[in-house]
Amino acid sequence: MGKPYANELEALNDTYSWALTAPVHDLAGWFRSASGFPLIAVGSGGSFSSAVYASFVHGLFTGRVAKAVTPLEATVSPLHFADLALLLLSAGGGNPDIIACVERARRNPPSRFAVFCTRKGSPLAEAVSGSERLSLHEYELPTGKDGFLATNSLLATAVLLTRAYAEAWTATAGLPATLAELVHPGSDQATFRGELCVRCQPLWERETVVVLHGSATHAAAVDVESKFTEAAIGHVQTADYRNFAHGRHYWLARYPESTAVLALVTPEDRTLAARTLRLLPNGIPVASLDLAHDSIRGALAGLVIAMRVAGLAATARGGDPGRPTVPTFGRRL
């Protein structure tokens with residue numbers, strides 16, 4: 001099942017270039033119309049990382065409350081969608097959970113309703129046909145379907161959302177021309193990969209990795225946890241730098257021999273991260289990954305870093321996260 005994960009990572013450069021030029025005018029129009037509303041962004045699996053990213057960008061551009069939820073949360077939610085903008089995000093548009101949200105939206109129509117899918121002609125698109133006030137946005141990725149984990153669909157979704165929000169506010173997205181400039185400016189790809197491997201290697205000797213993040217890197221931290229869990233790479237806990245201080249630090253005190261820390265750092269939280277990491281007990285491996293950008297560019301770079309970190313961990317522990325052996329009960333679920 002799936003594709004070799006390394007091959008998917010190699011395709012990220014092409015996916016980024018494609019996403020910089022794919023049309024987003026209609027999507028920008030929907031975001032403009034939804035700017036006066038709180039946003040509920042819905043996604044499952046890897047698309048939940050997209051939903052977290054979408055909520056970050058919506059809040060950044062509109063100043064409105066935005067929340068990422070799973071399809072089950074959206075389906076059973078007591079919220080009145082009439083007061084909200086609802087965005088359904090899916091890579092393949094085929095899973096029954098995201099399709100179930102459509103019926104919920106029909107019973108309780110949102111003020112603004114959009115579906116974003118990186119596959120054309122999906123079952124999700126068929127399910128929303130005839131829905132009132134629906135804005136459907138379908139794309140066909142040049143890389144085709146992802147493997148077991150969300151990779152190219154996640155990057156493409158994040159870049160397209162970024163460009164659409166920027167156009168909606170007649171602002172420049174400020175995205176570099178290449179993925180290399182975004183993720184490791186001033187360093188070639190081989191050097192970047194080598195340094196990342198060396199810095200993260202001590203983490204894989206521990207059972208648990210605590211991922212610390214700021215506001216811009218929230219989606220990246222969520223994606224690390226998602227990939228580590230879905231591909232059974234290892235145990236991950238996530239916390240922002242200050243929530244970590246409210247009791248979550250005790251895990252390190254209780255299990256120092258089996259815990260490591262991965263810190264995702266952007267310029268806007270560099271001081272807070274440094275002060276936090278200085279206080280950690282000696283002997284706990286720490287990999288502090290300092291991203292070159294803050295805000296949106298930092299968030300995007302963080303997602304790519306998350307994908308590469310998952311690949312490094314899986315390789316160190318003897319597996320391919322793109323092609324796991326999925327048991328029968330998992331397929332039935």
Partner set under ring-ring contact (aromatic ring centres under 6.0 Å, His included) for [X], not counting sequence neighbours:
| X | value |
| --- | --- |
| Tyr5 | none |
| Phe244 | none |
| His293 | none |
| Phe31 | Tyr165 |

Checklist entry - So, does His184 use its side chain to make a donor-acceptor pair with the main chain of Ser187 at under 3.5 Å? => result yes
Next on the checklist: Donor-acceptor check, side chain of Arg64 to backbone of Gly59, threshold 3.5 angstrom: yes or no?
Outcome noted: no
Next on the checklist: Under the salt bridge (Lys or Arg N to Asp or Glu O under 4.0 Å) definition, can you give me all pairs with a residue in residues 232-255, not counting sequence neighbours?
Outcome noted: none
Next on the checklist: Quick one, Asn152 and Thr118 - any side-chain contact, counting heavy atoms below 4.5 Å?
Outcome noted: no
Polar contact flag, side-chain donor to acceptor under 3.5 angstrom, [X]-[Y]:
| X | Y | answer |
| --- | --- | --- |
| Asp294 | Thr266 | no |
| Ser44 | Asp97 | no |
| Ser226 | Glu230 | yes |
| Glu181 | Thr178 | yes |
| Asp14 | Ser17 | no |
| Asp188 | Thr191 | yes |

Item to check | Leu12 with Trp18, same ILVMFWY side-chain cluster at under 4.5 Å | outcome: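 Hydrophobic grouping puts Leu12 with Trp18.
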Checklist entry - Going through the distances and angles, do Phe113 and Phe81 end up as a ring pair (Phe, Tyr, Trp, His ring centres under 6.0 Å)? => result CA-CA 9 Å; Phe113 184 20; Phe81 284 181; 8.6 Å; no
Checklist outcome for this item: Quick note, side chain to side chain donor-acceptor pair (under 3.5 Å) partners involving residues 198-218, not counting sequence neighbours, are Thr208-His235
Item to check | Pair Glu10 + Lys3, salt bridge at N-O below 4.0 Å | outcome: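 No, this pair does not count.
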Next on the checklist: On a heavy-atom basis, which atom in Ile296 and which in Tyr53 lie closest, and how many Å separate them?
Outcome noted: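 Where Ile296 meets Tyr53 most closely, the heavy atoms are CG2-OH, 3.5 Å.
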